[in-house]
Structures are given as structure tokens and as C-alpha cells.
Amino acid sequence: MESRVTKYIFVTGGVVSSIGKGLTTACIGALLEARGLKATAVKLDPYINVDPGTMSPFQHGEVFVTDDGGETDLDLGHYERFMGTRMSKLNNFTSGKVYETVIANERRGDYLGGTVQVIPHITDEIKRRIKLAAEGFDVCLVEVGGTVGDIESLPFLEAIRQMRSDVGAQNTLYAHVTLVPHIATAHEFKTKPTQHSIKEITGYGIIPSIIICRSNQPLDEKIKNKISLFCNVSPNCVINAPDVKTIYELPLTLHNEGLDQRIVELLHMWTGAPKLEPWIKIASSVTSEDRTTVTIAMVGKYVDLTESYKSLSEALIHSGVATDSKIKIVYVDSEEIERSGVESVVRKANAGELVDAILIPGGFGVRGSEGKIAAAQYAREQKIPFFGICLGLQIATIEFARHVAKLSDATSAEFEPQSSCTVIDIMESQKAVHMKGGSMRLGAYPCSLKEGTKAREIYGKPQISERHRHRFEVNNSYREQLEKAGLVFSGTSPDNVLVEMIEIKDHPWFVAVQFHPEFQSTPKNPHPLFTSFVAAAKSAKTQGANTLKKGEKSVAGRAARTTSSNSDVAVGNES
Ligand code: GLN
């Protein structure tokens, strides 16, 4: 069989962090796939943690989980949302992981007699891992984390520099993402930081042939020409990526700047024109003002950092596309709920108004848990569409146990390990686990859906596969009691040992899942659970269910009105 020559595109970043290098990489992948190429992407993270699994969301944002159970950087989430290729553990590695392998090799005696050094041993391991991830693809995008000039990224830059002579200049391309700031008082864009950044990376022997300039407004030709002249790239290789209304516009912006065309030319690839219709549709739908706004309260403790719930907020946006609604997420601090009560905190977070739905996302630890339980109770009693994800399922179960099944001490072993009423308990397989990193129940597992449930109706099939990241589960010794009280276990592991989904009847939409459906939602394929949830929220709203005026406390009336909308919430069934 003819072996495929893989082309490599190395993406580095300069000037400042957080300029969207990951998104840019993902969009390049999307454009190349739209041209019919088989593309993948790898994120190289220079920090020492073996993976981001042990890092707090405050430090690092969301941990993205792959099908094969990798706890990875959130950029892999961008890759999966923009590209058709599914990521795996191979697509993200850190300095920690590279050193771990090299040190293990050394202990085994693989380098006997040799001095183990950054060059060649660390750089060789970096290159080995990149090539492994690239196998079988036409193009492999390699994004180097951090900003040029960081000490810890030097071995990565050296490795990607060497790749050019390893695989050939015609098969490698370096793209540098920089910031071109606009100085308001001078009414001018400034190119100097970009010039310095290019000078710096060139000093490491890497010569970018494409410069992607982030800016808050479009750059004019004069500025682009200046960057071209001072940074040694052709004028048409200075690509401008000004701020966009939605990230889903970015593939089109980059295409209009000629980026994908330049890339295929520079890498000597022949492809047809890209098929961009899906992106045109998605971008126009996300930016359309002509949609009903659906307001969703996300109740958690990491409310300061939207990055912690990246996949979740994107999944909701995708469902906005599917249901023709504009998603407004209000972040509600569960600890504040503990102090001031659900309704007042929700109203405070939403300019005095109630919300159309409540979502409790994944999370860890006891802090803020009572506030989350109160939010779940409020949603259940007030018949507000409710979606619980991972910890959200555990919270909803505890709430139901306490207030419906009359197990007033119900809690989770995570919150109160000594409690005698742990309706949520540590998983059997987790009892022997003592190492924190990579040891949760991770990755995709099958789940069987019970006939006649909302879950089964939403997915439209008896078995699904979803990704997990947890240590605790519904305690089976309480299952019968909870079921008798009305809790429906709509999804379980095929052997029926683990509860994967719960729901309650006589409620417009109350579903919780032990897995993380947000990791599988893409703008091209919005996840059915999110779509159904948003549709339910929209339907409740348009039927006037959530129009309680400030101070109005008509719980019963409100409940009656929302319940009547029950049948309208199936996926794609709203008008
Ligand atoms: N802390 C809970 C557990 O480990 C939930 C985890 C999560 O929400 N990802 O089971």
C-alpha cells in the first residue's frame, strides 16, 4: 500500500496568551477538512503536570475528556467542535508526560552508557509522539502551548524546528499567531510586538511563512504590508483575524483572508475548493437576532471562569442553532444561594427576572453543594426545565431522596464520608484507587435506555455511548426506595449496575445524567439532550410559563401552566 506523506502545520503564538491559538488551529483543521483532506491536531502543553486532570478549573479551565479516557486540554474540545476527526490521548501531551516516558526509559536501561539530555532525548520523544498522532492523516496540525519566549516551551520549539529537516521543508509549514494592538489615543495599530515576536521565534530557527494577526478591528492593507515587509512573509501570507461575533464565523473569516488557499499552496497540496455551506449556515444562525432568547441559569461554584464550562456553554449554543433560539447563560454562585435563597440569587444574576431553565454542571467537593441541592429542589417544585450533569445528577438524586423519598439525611459520600445515608456513594472500582491522576472512571461507556422514558425518546435508540469523569455513583441499595418514590432510572450501564440517567415524571423536563454529553456536541451535530432541554425551556417560555412578575409567588398556577407544555418538548418538535 502506498504510504501517505503527512504534511505538518506548526502553530505557535506570540505577544500574549489567550489570543485564540487553539481556535485558530481548530479552524484551519475545519477548512482543510472542508477541502476533503484528512486532518488531525495535536496540542503540546509545556507545563510539568502529566495531564490537566489534576488541575483546578481556576488554573486551567475545563478538562476535556476524550472517548478513550484522556483528560486533556480544552483546546481539544475546540478541535472536536470544528473538525470531524475525533481526538484521543495521542492528541495532547505535556512536558510532564514526555519526561515521564524518558525517565522510565532511562530506568529500564534503554540509554545505557548515554547521558540523557533535553537534546536529543526529550526532543526525540516529542517528535515521536507528534508522528504517532499524525499517522494516517494528510495533515497534522501541531499547536504549541504558551507564548514564544516562555522558558518551558523551548524543547517543544526545538523539536518542531527539527521536524522540518526530518520530514522535509515541502511537508512543513510554520504559522505564527500574534496580536496587533490598536492604540486608541494614537488611532493606530501597532506592529512592533509582532515584529519582536517574529524576531524571537526566528532566533530559535523557526521561520514562519504565515502570520495570523489577531486584532480588535480589521487591519488595513498598509498595516498588513508593513508586517509583511518587516517579518519576511509575502503580503498575502499576512492573515487578519479580527474579533468576530461568534467563534463559528472564524473559519469563514480565515477563508476570506485566503488562509486555506495559502496553506495548500505552500504545502504543495491539490484539493478542490472548500465546501463551506455548513459553516455559513451555522454562523448566520448563531448571529441571527431574530430568535427567542432562552435564559439558562448555570449553578456552580466556578462561576468566575466561563472557561471552566467551555464545552457546556458551546453545547448550549449548538442547541440554540438546532432550536432557533438565542442562548443567554447566567452563572449563579451556589454558595450565594446558600446565603440568600434560590429565587433572589437567580433574579439578581438575571437583572431581576426569573430564568427559563436551570442547569447544574459537573463539579467536585462539598463547597456550595447545599446551594445546588436548593436549586434542584426549586426547579423540581416550580416545574422549571432542569438538566443535571454528572455532579448535577448526584445533586438531583440527593434532593429527591431528601424531599420526596423522605430520606432527610441523604447525602453523598463525597460530601460526608461518614454519613449513614449516602444515596451517592464511591464507586466500587474507585475504592482501591489512591493515586489522583488519571484514576477516575474516564472516557466513553455504553448506556442502555429504558423503554418509555424521556431519555429513550430523546435519543431515539436503545443504546448510547457517552463520556465520563467521576468517582461517585448512585448507591444501588437506595434504588428501589427512590424508584418507589417516583424517581425514574432511565439509563443504566448495560449490566444494570451503574445508574447513568435519571428523570422525573409530571415535570416539563427534569433529566440528569452521570456522563458529560457536552463533550460530544458540535455545531454540525448538536447533542439531542441539550437540544431537547433548550426546546423545553423555549416552549415553557413561549407559553408564558415563566412570566411571573417580580415578587409573584404563584407556585401552583405556574406549575399547572408549565406541566401542560409537557408534550411539546421532543427534539425538533417546537414551532
Ligand atoms: N464529584 C463527582 C464524582 O466524582 C462528580 C464529578 C463530575 O461532575 N465530573 O463523582
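Order of listing sets the numbers, starting from 1, for every ligand and every atom in it. Just so you know, these numbers come straight off a predicted model, no measurement behind them.
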Subject >> Ring geometry between His468 and Phe515 (parallel below 30°, tilted from 30 to 60°, perpendicular above 60°) >> reply: perpendicular
Subject >> Ionic contact status for Arg367 with Glu335, cut-off 4.0 Å >> reply: yes
**OP:** Looking only at protein heavy atoms, identify the closest one to atom 7 (C) of ligand 1 and say how far it is in Å.
**Re:** Cys390 SG, 2.9 Å
Original post:
Where is the nearest protein heavy atom to atom 10 (O) of ligand 1: which residue, which atom, and how far?
Top reply: Phe472 N, 2.8 Å
Subject >> Ligand-residue contact atoms, ligand 1 with Gly362, heavy atoms, under 4.0 Å >> reply: 8 (O)
Original post:
So is Gln394 in contact with ligand 1, going by heavy-atom distances below 4.0 Å?
Top reply: yes
Subject >> His527-Phe533 aromatic ring centre distance below 6.0 Å >> reply: no
Original post:
In terms of the angle between their ring planes, are Phe64 and Phe519 parallel, tilted or perpendicular, with boundaries placed at 30° and 60°?
Top reply: perpendicular
Original post:
Does a side chain donor of either Tyr459 or Glu466 reach within less than 3.5 Å of an acceptor in the other side chain?
Top reply: yes
Original post:
At what distance is the nearest protein heavy atom to atom 9 (N) of ligand 1, and which residue and atom is it?
Top reply: Arg469 O, 2.8 Å
**OP:** Decide if atom CD of Glu428 counts as having more than 12 heavy atoms of other residues, nucleotides or ligands within a radius under 6.0 Å.
**Re:** no
**OP:** Let me see the working for Phe386 and Tyr378 under side chain to side chain contact (heavy atoms under 4.5 Å, CB included), right down to the final yes or no.
**Re:** CA-CA 10 Å; Phe386 172 89; Tyr378 182 79; over 6 Å; no
**OP:** Looking only at distances, please establish whether an N/O atom of ligand 1 is found under 3.5 Å from an N/O atom of Leu391.
**Re:** yes
Subject >> Element-labelled atoms of ligand 1 that are located less than 4.0 Å from some non-hydrogen atom of Glu414 >> reply: 1 (N), 2 (C)
Original post:
Based purely on interatomic distance, does Gly363 place a nitrogen or oxygen under 3.5 Å from a nitrogen or oxygen of ligand 1?
Top reply: yes
Subject >> atom 4 (O) of ligand 1: the protein heavy-atom neighbour that sits closest, reported with distance to 0.1 Å >> reply: Arg471 N, 2.9 Å
Subject >> Heteroatom distance test (Gly365, ligand 1): nitrogen or oxygen, under 3.5 angstrom >> reply: no
**OP:** Could you list which atoms of ligand 1 come closer than 4.0 Å to a heavy atom of His516?
**Re:** 9 (N)
**OP:** Determine, step by step, whether Glu503 and Ser490 satisfy the side chain to side chain donor-acceptor pair (under 3.5 Å) criterion, reporting the C-alpha distance in whole Å, the side-chain angles of both residues, the deciding distance to 0.1 Å, and the verdict.
**Re:** CA-CA 7 Å; Glu503 59 193 55; Ser490 46; 3.1 Å; yes
